[in-house]
Number of protein chains: 2
Amino acid sequence: MIRVLIADDHPIVRSGLRAVLRGEPDLTIAAEAATAQDAIAKAGLADVVLMDLRFGDGPSGAQATAAITALPDPPHVLVLTTYDTDADILAAIEAGATGYLLKDAEPEDLVAAIRAAAVGRSALAPGVAARLVDRTRNPVGALSARETEVLGLVADGLSNLSISRRLHLSQATVKSHLVRVYAKLGVDSRTAAVAAATARGLIRPHR
Amino acid sequence: MIRVLIADDHPIVRSGLRAVLRGEPDLTIAAEAATAQDAIAKAGLADVVLMDLRFGDGPSGAQATAAITALPDPPHVLVLTTYDTDADILAAIEAGATGYLLKDAEPEDLVAAIRAAAVGRSALAPGVAARLVDRTRNPVGALSARETEVLGLVADGLSNLSISRRLHLSQATVKSHLVRVYAKLGVDSRTAAVAAATARGLIRPHR
DNA sequence: GGTCGCATCAATCGAAAGGTTGAGCTCTCG
DNA sequence: CGAGAGCTCAACCTTTCGATTGATGCGACC
């Protein structure tokens with residue numbers, strides 16, 4: 001019997017997951033959590049944690065995942081979320097998630113992924129898997145740390161001059177970085193670069 | 001008996017909604033739709049449409065809402081989504097949505113909202129309602145529809161020239177809109193405007 | 001029936017951003 | 001140690017953007 005912990009802040013989603021799992025005789029719901037903290041506290045009760053990435057407030061699902069996998073004899077964490085940006089996926093994988101599913105997955109795929117996760121096998125949504133191999137095999141389009149840093153400040157609305165001051169650079173250097181960023185992203189303006197990088201999950205609009 | 005149409009591209013959410021509605025004797029599920037087109041086609045079967053705003057592909061929930069409310073003797077549309085930015089809310093309301101609920105709503109609130117929507121009464125999530133009164137009472141800092149539209153294209157990385165073509169305007173008009181946007185947001189560049197508007201939830205980085 | 005907000009457009013000017021070329025520096029890796 | 005990648009900077013030029021001023025038409029509201 002596989003004990004599952006449902007960690008999601010949406011009552012309706014929890015209800016849907018309950019309904020899906022109820023039909024599976026080898027799966028049982030050990031507990032539910034509506035916050036990341038709650039999920040960490042109840043992680044010991046389960047073999048598999050179904051983890052959302054965004055909660056209304058408090059720590060993120062990625063943080064909770066990291067905390068759970070750091071426990072002694074931790075359950076496997078299967079991320080189940082709506083978001084599929086590079087930033088989200090990488091954060092979750094790096095936090096120790098065993099699998100990564102999207103909420104538009106079919107119920108059959110979900111229960112299959114739970115069973116896989118229970119024995120430590122990883123299950124990835126098709127698009128997610130493609131994105132990962134894409135990135136590890138072909139780091140073209142990957143920005144350097146400095147480029148990402150500069151682009152992040154651009155996304156915050158700073159001018160080249162402001163950025164140069166913030167980073168103790170000359171404007172020429174900031175431009176150089178941006179020129180390379182534009183080339184890598186296939187764009188030709190700062191706003192387009194921000195849009196492209198956001199779309200690819202290279203940077204994240206912080207709210 | 002209130003006939004409900006569930007329009008959501010996530011099987012798990014649909015399952016959760018089924019579970020919630022099953023417990024209510026005066027509510028019945030007339031149909032389900034996994035795409036916006038499907039929702040429009042099946043709208044005639046229902047008294048209330050539970051409409052998600054984002055579908056994997058194809059038209060958005062807002063567009064579907066507009067199409068449905070344009071039907072003869074249309075059902076009431078109750079938007080049920082995860083997103084609560086000004087842009088989403090306004091688009092839905094302008095499209096003719098009767099209510100706007102967030103997916104972190106409790107089941108009781110949801111069924112209450114459905115009953116309200118069935119008789120044409122509007123039901124808004126607390127945060128959404130606050131945002132609307134905020135905006136109508138104190139329109140300082142609020143962007144007009146056209147300004148929001150232009151700013152959205154700026155956020156997509158388009159140049160003023162591209163925007164003017166997209167909207168069948170002159171560049172001068174685009175600039176005029178942006179000048180007013182900058183003034184309202186207290187910024188002085190397009191990237192800063194995008195950052196500020198994103199932070200305030202006026203626009204959303206769409207992917 | 002006038003006022004106000006909104007949307008539309010024009011012309012101009014200085015500032016900022018983008019493109020190009022070229023170069024020096026440090027670090028890592030084989 | 002040489003090659004390559006990443007980071008740094010300079011000079012120059014073109015394009016775009018932002019600021020300003022001013023104008024027209026339209027609908028809403030009192």
Side-chain angles (χ1 to χ4, degrees), chain A residues 135-198 202-203, chain B residues 86-87 90-91 93-94 132 134-198 202-203:
Chain A
R135 159 169 295 248
T136 54
R137 191 184 43 201
N138 180 20
V140 169
L143 303 180
S144 73
R146 199 58 158 170
E147 287 161 358
T148 304
E149 189 176 14
V150 170
L151 184 55
L153 293 176
V154 169
D156 287 346
L158 276 65
S159 68
N160 288 348
L161 178 60
S162 304
I163 295 172
S164 72
R165 284 206 268 255
R166 180 81 71 92
L167 299 181
H168 307 295
L169 299 175
S170 78
Q171 291 189 60
T173 304
V174 175
K175 284 188 175 188
S176 291
H177 287 305
L178 287 180
V179 164
R180 245 164 282 130
V181 168
Y182 299 159
K184 287 180 177 177
L185 296 180
V187 299
D188 57 0
S189 79
R190 53 211 293 110
T191 48
V194 170
T198 304
L202 302 177
I203 59 173
Chain B
D86 281 23
L90 283 184
I93 300 290
E94 276 162 18
L132 275 182
D134 222 50
R135 160 171 294 251
T136 52
R137 193 182 39 203
N138 177 23
V140 169
L143 302 181
S144 73
R146 201 58 160 168
E147 287 161 358
T148 304
E149 190 177 14
V150 170
L151 184 55
L153 294 176
V154 168
D156 288 345
L158 276 66
S159 68
N160 289 348
L161 178 61
S162 304
I163 295 171
S164 72
R165 282 204 270 254
R166 179 80 70 89
L167 299 181
H168 307 294
L169 298 176
S170 77
Q171 293 188 58
T173 305
V174 175
K175 285 186 175 191
S176 290
H177 287 305
L178 287 181
V179 164
R180 246 164 284 127
V181 168
Y182 299 158
K184 286 179 178 178
L185 296 181
V187 299
D188 56 1
S189 79
R190 53 212 292 113
T191 47
V194 170
T198 304
L202 302 176
I203 60 172

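Proteins come first, then strands; the chains are lettered A, B, ... in the order of their sequence lines, and each starts at number 1.
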Kindly point out which of [options] is positioned nearest to the side chain of [X]?
X: A:Ala172; options: C:dC9, C:dG18, D:dC9; value: D:dC9
X: A:Arg146; options: D:dC7, D:dT16, C:dT20; value: D:dC7
X: A:His177; options: D:dG18, D:dT8, C:dC9; value: D:dT8
X: B:Lys175; options: D:dC17, C:dG18, D:dT8; value: D:dC17
X: B:Arg190; options: C:dG18, D:dG18, C:dA10; value: D:dG18
X: A:Thr173; options: D:dT8, C:dA17, C:dA7; value: D:dT8

Rounded to whole Å, how long is the line connecting atom [atom1] of [X] with atom [atom2] of [N]?
X: A:Asp188; N: C:dT20; atom1: CG; atom2: P; value: 11 Å
X: A:Glu149; N: D:dC7; atom1: CD; atom2: P; value: 9 Å
X: B:Arg180; N: D:dT21; atom1: CZ; atom2: P; value: 15 Å
X: B:Asn160; N: C:dG18; atom1: CG; atom2: P; value: 13 Å
X: B:Leu161; N: D:dG18; atom1: CG; atom2: P; value: 14 Å
X: B:Leu167; N: C:dA7; atom1: CG; atom2: P; value: 12 Å
X: B:Ile163; N: C:dA7; atom1: CD1; atom2: P; value: 15 Å
X: B:His168; N: C:dC9; atom1: NE2; atom2: P; value: 11 Å

B:Ser144 vs C:dA7: side-chain N/O to OP1/OP2 distance below 4.0 Å | yes
Taking only side-chain nitrogens and oxygens of A:Tyr182, does any of them come within less than 4.0 Å of OP1 or OP2 of C:dG19?
-> no
Minimum heavy-atom separation for [X] and [Y], please, with both atom names.
X: B:Thr191; Y: A:Val154; value: CB-O, 3.8 Å
X: A:Leu202; Y: A:Thr148; value: O-CG2, 4.3 Å
X: B:Ala155; Y: A:Ala195; value: O-CB, 3.2 Å

Do A:Thr173 and A:Ser170 get their side chains close enough for a donor-acceptor pair, meaning under 3.5 Å?
-> yes
Please name the residue in the list B:Val174, B:Leu153, B:Leu161, B:Asp156 that meets the side chain to side chain contact (heavy atoms under 4.5 Å, CB included) test with B:Arg166.
->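 Only one of B:Val174, B:Leu153, B:Leu161, B:Asp156 forms a side chain to side chain contact (heavy atoms under 4.5 Å, CB included) with B:Arg166, namely B:Leu153.
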Under-3.5 Å donor-acceptor pair between A:Ser176 side chain and D:dC7 base |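 Answer no: no donor N or O sits under 3.5 Å from an acceptor.
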